[in-house]
Number of protein chains: 2
Amino acid sequence: MDGVKVDGRVERGEQTRRQILRRAAEIASVEGLEGLSIGRLAGELEVSKSGVFAHFGSKEELQLATVRAAAAIFVRQVVDPALVEPPGLGRLTRLMDGWLAYSQNRTFPGGCFFYAVQAEFDARPGRVRDAIAGYAREWNTYVRETVAAIPEVADPEQVAFELIAFLEMANAQSVLHDDPHAYDRARAAVRNRVAQATAAA
Amino acid sequence: MDGVKVDGRVERGEQTRRQILRRAAEIASVEGLEGLSIGRLAGELEVSKSGVFAHFGSKEELQLATVRAAAAIFVRQVVDPALVEPPGLGRLTRLMDGWLAYSQNRTFPGGCFFYAVQAEFDARPGRVRDAIAGYAREWNTYVRETVAAIPEVADPEQVAFELIAFLEMANAQSVLHDDPHAYDRARAAVRNRVAQATAAA
DNA sequence: AAACTAATTGTACGATCGTTCGTACAACTT
DNA sequence: AAGTTGTACGAACGATCGTACAATTAGTTT
């Protein structure tokens with residue numbers, strides 16, 4: 001009746017697959033999804049190259065699976081915790097703080113996974129770019145709707161654009177210059193912009 | 001008396017070197033500085049692989065030279081034109097507009113060169129990262145000082161942080177989603193933030 | 001014209017890339 | 001117990017990577 005796997009072989013397979021994708025996302029956040037090589041991944045995990053390859057069938061499929069795995073981690077770490085707050089200012093604040101914490105505590109060693117891979121794939125065609133663009137759109141939409149749930153805000157799309165810009169800037173500065181101050185600056189920027197937007201005329 | 005090269009051989013060498021670096025920067029803005037391979041570069045330029053290699057002696061040196069060449073293009077296209085305006089609000093506006101035009105008109109086919117390579121190298125050690133970080137610092141400083149030349153602005157560092165965030169966000173969105181609207185949003189964000197900062201109490 | 005110098009080329013190298021294939025072994029089914 | 005399925009492995013493939021070095025071409029100096 002239940003969907004629980006009873007086959008110990010596929011259970012074991014899914015576990016190694018999870019381990020592979022976890023490590024793959026970590027590497028990709030530092031070296032990019034192209035810098036992520038199957039041989040190196042296998043070496044670090046101490047499994048065979050062909051074993052890793054067999055799980056995905058192609059490098060592109062590995063990259064796509066890595067993006068999906070990273071998205072799941074992102075949702076669990078950033079999106080879900082904000083949902084405990086009711087829609088409104090409180091949820092938005094929780095969302096912004098959650099994102100900055102996600103970046104600052106280095107959930108991925110190279111900072112935000114999607115910042116890294118977005119910049120890597122934004123200018124080339126292909127399924128990987130499409131997947132990344134899709135998640136980016138989802139994130140934009142979610143932030144915009146979270147902002148739009150605050151009745152005083154006149155232009156949620158514009159506000160969402162600016163807020164996301166602050167987050168990514170903090171991540172970029174922090175990683176490149178090893179400067180935790182960037183997060184303070186982003187927090188101040190978010191606070192200021194939200195205050196401005198909610199100060200109805 | 002003059003420092004003009006009279007040797008036709010080194011003259012020719014410097015010209016091919018310039019061509020190599022121009023193409024290298026174009027490729028790197030799309031594929032990254034690692035995706036930039038000597039063999040491919042040679043193929044596209046229809047010269048020999050060893051000919052390209054001989055100009056730099058190592059891949060890392062080619063990458064460093066490419067970053068320097070891109071920085072020179074950036075300065076000529078963004079920084080210099082703003083210097084015709086006297087320090088103050090006019091220069092800042094010119095600088096912001098110049099940057100957005102530089103990104104929008106695809107001076108580099110992959111959008112802003114430095115956005116691409118920053119995200120690629122921000123998390124790994126090495127001379128290339130150091131060079132990129134150095135230029136990024138210079139750019140931050142220059143924007144901050146341009147803002148600071150406007151007497152009404154209380155916290156130039158904070159304002160510069162936010163303005164640069166808008167620029168990079170516009171570039172990222174535009175390239176990833178093929179959405180020219182992002183530049184309008186960035187222009188609106190810059191206008192609004194500058195207006196807020198110059199509205200003295 | 002000969003000697004020299006700088007830019008460019010051709011050939012070759014070891015390493016690593018993604019990928020393919022046949023095999024070994026554990027776990028499940030009958 | 002015999003047969004089937006799924007995961008993981010080792011070895012090898014052609015291609016490409018960065019790099020090395022000797023030969024060649026073009027331009028300068030004597």
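Note that the structure is a prediction, hence the values are computed from the model and not measured. Chain letters run A, B, ... following the sequence lines, proteins first and then strands; every chain starts at 1.
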query: With the threshold set at 4.0 Å, does a side-chain nitrogen-carboxylate oxygen contact exist between B:R193 and A:E162?
result: no
- line: Rounded to whole Å, CD of A:E31 lies from P of C:dC17 at a distance of 11 Å
task: Figure out the CG/P separation between B:L41 and D:dC17, and round it to whole Å.
output: 11 Å
- line: When rounded to whole Å, the CD to P distance for the pair B:E14 and C:dT8 reads 11 Å
- request: Would you indicate which nucleotide in D:dG18, C:dT9, C:dG18 comes nearest to any side-chain atom of B:S50?
  value: C:dT9
query: Closest to the A:S48 side chain: D:dC9, D:dG18, C:dT20?
result: D:dC9
query: Looking only at side-chain N and O atoms, does A:T16 come under 4.0 Å of OP1 or OP2 in D:dA8?
result: yes
Spacing between B:L62 atom CG and D:dC17 atom C1', to the nearest angstrom: 13 Å
- prompt: Can you say whether the rings of A:W99 and A:Y102 are parallel (under 30°), tilted (30 to 60°) or perpendicular (over 60°)?
  reply: perpendicular
message: Classify B:V47 by what it touches in the nucleic acid, base, sugar-phosphate, or nothing, heavy-atom distance under 4.0 Å.
response: sugar-phosphate
message: Pick the closest DNA chain D nucleotide for B:R12 and for B:K49 by heavy atoms, then say which residue is nearer the 5' end.
response: B:K49
query: A:D7 has a side chain; which of D:dT7, C:dC28, C:dT19 sits nearest to it?
result: C:dC28
message: Can you tell me how the ring of A:F166 sits relative to the ring of B:F166, calling it parallel under 30°, perpendicular over 60° and tilted otherwise?
response: tilted
- line: Separation of D:dT16 atom C1' from B:K59 atom NZ, nearest Å, is 11 Å
task: With heavy atoms under 4.0 Å as the rule, sort B:A54 into base, sugar-phosphate or nothing.
output: base
message: Would you say the rings of B:F74 and B:F113 are close, in the sense that their centroids are separated by under 6.0 Å?
response: no
message: Just the rounded figure in Å: distance from P of D:dA26 to CD of B:E11.
response: 18 Å
message: It should be established whether B:H55 places a side-chain nitrogen or oxygen under 4.0 Å from OP1 or OP2 of nucleotide C:dT8.
response: yes
message: With a 4.0 Å cut-off on N to O distance, would you call A:E61 and A:R127 a salt bridge?
response: yes
message: What is the distance, to the nearest angstrom, from the CG atom on A:L45 to the C1' atom on D:dT7?
response: 15 Å
Between P of C:dC17 and CD of A:Q63, the distance in whole Å: 14 Å
message: Both B:I38 and A:G51 contact DNA chain D. Taking the nearest nucleotide for each, which residue is further toward the 5' end?
response: A:G51
